[in-house]
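Input: a single structure, listed below in structure tokens.
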Amino acid sequence: MPTAVLTDRERTAVQAYLRLLHTVRAAFVGDDHGCGPAEPPAVPPVVPPSVLAEAEAALEGAGLAGNEEEFFRMVREWHPGA
């Protein structure tokens with residue numbers, strides 16, 4: 001399967017989505033250095049509005065809603081294991 005080159009807007013959307021994903025993961029399980037809560041908090045933390053807004057704006061700018069198979073293919077190619 002040939003790999004298409006992402007447009008600037010697609011790349012921005014993928015990067016914003018990955019930042020959002022990493023923020024949420026860090027809030028629930030800690031960062032890659034073992035910091036963070038040992039147990040998930042009783043009340044889920046709120047994702048900072050700026051992180052969520054950045055992801056939404058980037059997805060919209062790329063003409064994506066964030067739930068398309070094509071978008072998740074781009075995410076997998078940019079960051080396998082995300």
Side-chain angles (χ1 to χ4, degrees):
M1 170 183 210
T3 302
V5 176
L6 298 181
T7 67
D8 287 343
R9 289 183 178 197
E10 290 170 337
R11 187 173 27 265
T12 297
V14 168
Q15 290 170 331
Y17 172 81
L18 289 171
R19 278 191 290 278
L20 175 62
L21 181 64
H22 293 153
T23 299
V24 171
R25 283 183 179 164
F28 281 102
V29 297
D31 60 22
D32 293 337
H33 305 291
C35 298
E39 296 289 325
V43 177
V46 175
V47 174
S50 61
V51 175
L52 188 54
E54 175 195 20
E56 288 177 349
L59 288 168
E60 184 178 324
L64 301 165
N67 59 354
E68 296 94 344
E69 179 57 33
E70 178 69 11
F71 174 69
F72 288 112
R73 180 193 58 74
M74 288 186 280
V75 170
R76 284 190 301 272
E77 287 179 3
W78 184 266
H79 191 313

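We're numbering straight along the sequence, starting at 1.
- Take Glu70 and apply the side-chain contact (heavy atoms from CB on, under 4.5 Å) test, not counting sequence neighbours, and it matches Arg73, Met74.
- Scanning both residues, Ala58 and Ala16, for their nearest heavy atoms gives CB-CB, 3.8 Å.
- What you find for Ala55 and Leu20 is that their closest heavy atoms are CB-CD2, 3.9 Å.
- Applying the side chain to side chain donor-acceptor pair (under 3.5 Å) rule to Arg19 yields the partners Glu54; only residues at least two apart in sequence or on another chain are considered.
- Note that CZ of Arg76 is 11.0 Å distant from CZ of Phe71, once rounded to the nearest 0.5 Å.
- Residue pairs meeting the salt bridge (charged side-chain N to carboxylate O under 4.0 Å, His left out) criterion with at least one partner in residues 6-18, sequence neighbours excluded, are Asp8-Arg11.
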